[in-house]
A.B. asks: 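One structure, as structure tokens, below. Some questions next.
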Amino acid sequence: MPYIHMKDRIIEITDFGAPQLDVYARLSEGQLLNRHEPNKGMFIAESPKVIGRALDAGCVPVSILTERKHIEGQGREIIERCGDIPVYTAGLEVLTQLTGFKLTRGMLCAMRRPRLKTAAEVCEGARRIAVLENVMNPTNVGAIFRSAAALNMDGILLTPAGSDPLYRRSIRVSMGTVFQIPWAFLDGTDGIKTLRDMGFVTVAMALREDSLSITSPQLMQAERLAVVLGTEGDGLAPDTIAGCDHTVRIPMAHGVDSLNVAAASAVAFWQLGNGGGCDRRG
């Protein structure tokens, strides 16, 4: 006997043990990533707006899980854009029995992971990029992407030990900007040297007294600039700081020694991004 009743593309959920729902309710982030077969990896996008941004970026949908009311409501356009894929549905009172669904905005879409860009592809033509060294918290990664999109950064490079931008929480916090800002993993131990060889001035955001001011004209006028941010708590590795052209520190008041990495990124991107140096008084 089938787990779920099918009618055209709309499939009413009757059994939470249905294997078709594993991707939404039971697979871990690691299982979705599928490191052994990355071409089969998937991610989950939440809410019509975020799903729409993923579709705009060319991501391929696999299935949808949605509240029944969204089929003829705000999710209708998304469903039409997704083509001939299954749409699993039920009322909210039913869907909240699925772990985590009550935290979403009523619509989920399982999608194929896109081809990863290379660092060279992300940097080609870029004037301002961010480098995230071992930033582990998906919430921080998502918030950094959102700030980068809003504040004129051209791309983001991440070290492989950090959180993946396509983890579910990162996508949610970023409001889908992970699909708008080009990003890649920075391979090898000489990532900073590679960026310098590409013509980037590299600046380490670190707590050092010999740092440049974040408003330094030297930074504002750099043709190509890479802003390097470190992991929560420990910050950047000493070797990374030593390898950068400059160290930059955000001035603090009231005895506060530092900002959360996501907050620090927003300050740095505002000041040093492509809009940096312009007259913002108007």
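Quick note: numbers below take in every heavy atom, side chains included, and nothing from hydrogens, waters or symmetry partners.
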A.B. asks: Once rounded to the nearest 0.5 Å, what's the spacing between atom CG of Leu219 and atom CG of Leu212?
C.D. replies: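 Result: 5.5 Å between the selected atoms.
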
A.B. asks: Side chains of Glu46 and Met107, heavy atoms from C-beta outward: is any pair under 4.5 Å?
C.D. replies: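 No, too far: nothing below the 4.5 Å cut-off.
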
A.B. asks: Taking atom types as modelled, find out whether Arg53 and Thr177 have a side-chain donor-acceptor pair closer than 3.5 angstrom.
C.D. replies: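 No, Thr177 and Arg53 have no side-chain donor paired with an acceptor closer than 3.5 Å.
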
A.B. asks: Among all residues two or more places apart in sequence or in another chain, which pass the side chain to side chain donor-acceptor pair (under 3.5 Å) test with Ser216?
C.D. replies: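 With neighbours one apart ignored, the set is empty.
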
A.B. asks: Taking side chain to side chain donor-acceptor pair (under 3.5 Å) as the definition, give me every residue that meets it alongside Thr247, ordered by chain and number, with sequence neighbours left out.
C.D. replies: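 Listed in chain order: nothing, the list is empty.
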
A.B. asks: Could you tell me whether Glu77 atom CD has more than 12 heavy atoms of other residues or ligands within 6.0 Å of it?
C.D. replies: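 For Glu77, atom CD is not crowded (no more than 12 foreign heavy atoms under 6.0 Å).
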
A.B. asks: Are the side chain of Arg196 and the backbone of Cys244 linked by a donor-acceptor contact shorter than 3.5 Å?
C.D. replies: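 No, because the side chain of Arg196 does not come within donor-acceptor range (under 3.5 Å) of the backbone of Cys244.
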
A.B. asks: Would you confirm whether Arg168, through its side chain, and Tyr24, through its main-chain N or O, come within 3.5 Å as a donor-acceptor pair?
C.D. replies: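 Between the backbone of Tyr24 and the side chain of Arg168 there is a qualifying donor-acceptor contact (under 3.5 Å).
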
A.B. asks: I'd like to know if the side chain of Ser63 and the backbone of Pro86 have a donor-acceptor N/O pair within less than 3.5 Å.
C.D. replies: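 No, because the side chain of Ser63 does not come within donor-acceptor range (under 3.5 Å) of the backbone of Pro86.
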
A.B. asks: Hey, are the side chains of Val261 and Met136 touching, using non-hydrogen atoms and a 4.5 Å cut-off?
C.D. replies: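 No; the side chains remain at least 4.5 Å from each other.
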
A.B. asks: Quick one: does Glu29's side chain get under 4.5 Å of Asp164's, heavy atoms only?
C.D. replies: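 Result no, sub-4.5 Å side-chain heavy-atom pair not found.
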
A.B. asks: Is the side chain of Asp154 donor-acceptor paired with the backbone N or O of Ile129 at a distance under 3.5 Å, no angle test?
C.D. replies: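 Looks like no, no N/O pair under 3.5 Å.
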
A.B. asks: Can any side-chain N or O of Asp245 pair as donor or acceptor with the backbone N or O of Thr202 at less than 3.5 Å?
C.D. replies: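 Yes; judged by distance alone, with no hydrogens or angles, the pair exists.
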
A.B. asks: Within the 4.5 Å heavy-atom criterion, are Val122 and Ile156 side-chain neighbours or not?
C.D. replies: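 No, every pair of side-chain atoms sits at 4.5 Å or beyond.
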
A.B. asks: Under 6.0 Å from the CD atom of Glu121, do we count more than 12 heavy atoms belonging to anything else shown?
C.D. replies: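 Yes, the 6.0 Å shell around CD holds more than 12 heavy atoms from other groups.
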
A.B. asks: Do Leu21 and Arg26 have side-chain heavy atoms sitting under 4.5 Å apart?
C.D. replies: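 SC-SC contact between Leu21 and Arg26 confirmed.
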
A.B. asks: Going from CG on Leu65 to OH on Tyr88, what distance comes out if it is rounded to the nearest 0.5 angstrom?
C.D. replies: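 If we round to the nearest 0.5 Å, Leu65:CG and Tyr88:OH are 9.5 Å apart.
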
A.B. asks: Would you mind reporting whether Ile44 and Val23 have side-chain heavy atoms less than 4.5 Å apart?
C.D. replies: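 A side-chain contact exists here, since the closest heavy-atom pair is under 4.5 Å.
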
A.B. asks: So do the side chains of Glu232 and Val135 get within less than 4.5 Å of each other, counting heavy atoms only?
C.D. replies: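 A side-chain contact exists here, since the closest heavy-atom pair is under 4.5 Å.
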
A.B. asks: Within the 4.5 Å heavy-atom criterion, are Ile214 and Leu272 side-chain neighbours or not?
C.D. replies: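 In short, these two side chains touch, coming nearer than 4.5 Å.
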
A.B. asks: Can you tell me how far the SG atom of Cys82 sits from the CD1 atom of Ile64, to the nearest 0.5 Å?
C.D. replies: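 It is 4.0 Å, given to the nearest 0.5 Å.
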
A.B. asks: May I have all residue pairs that pass ring pair (Phe, Tyr, Trp, His ring centres under 6.0 Å) and include part of residues 152-179, sequence neighbours excluded?
C.D. replies: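 For residues 152-179, and leaving out neighbouring residues, the ring pair (Phe, Tyr, Trp, His ring centres under 6.0 Å) pairs sorted by first residue read Phe43-Phe179.
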
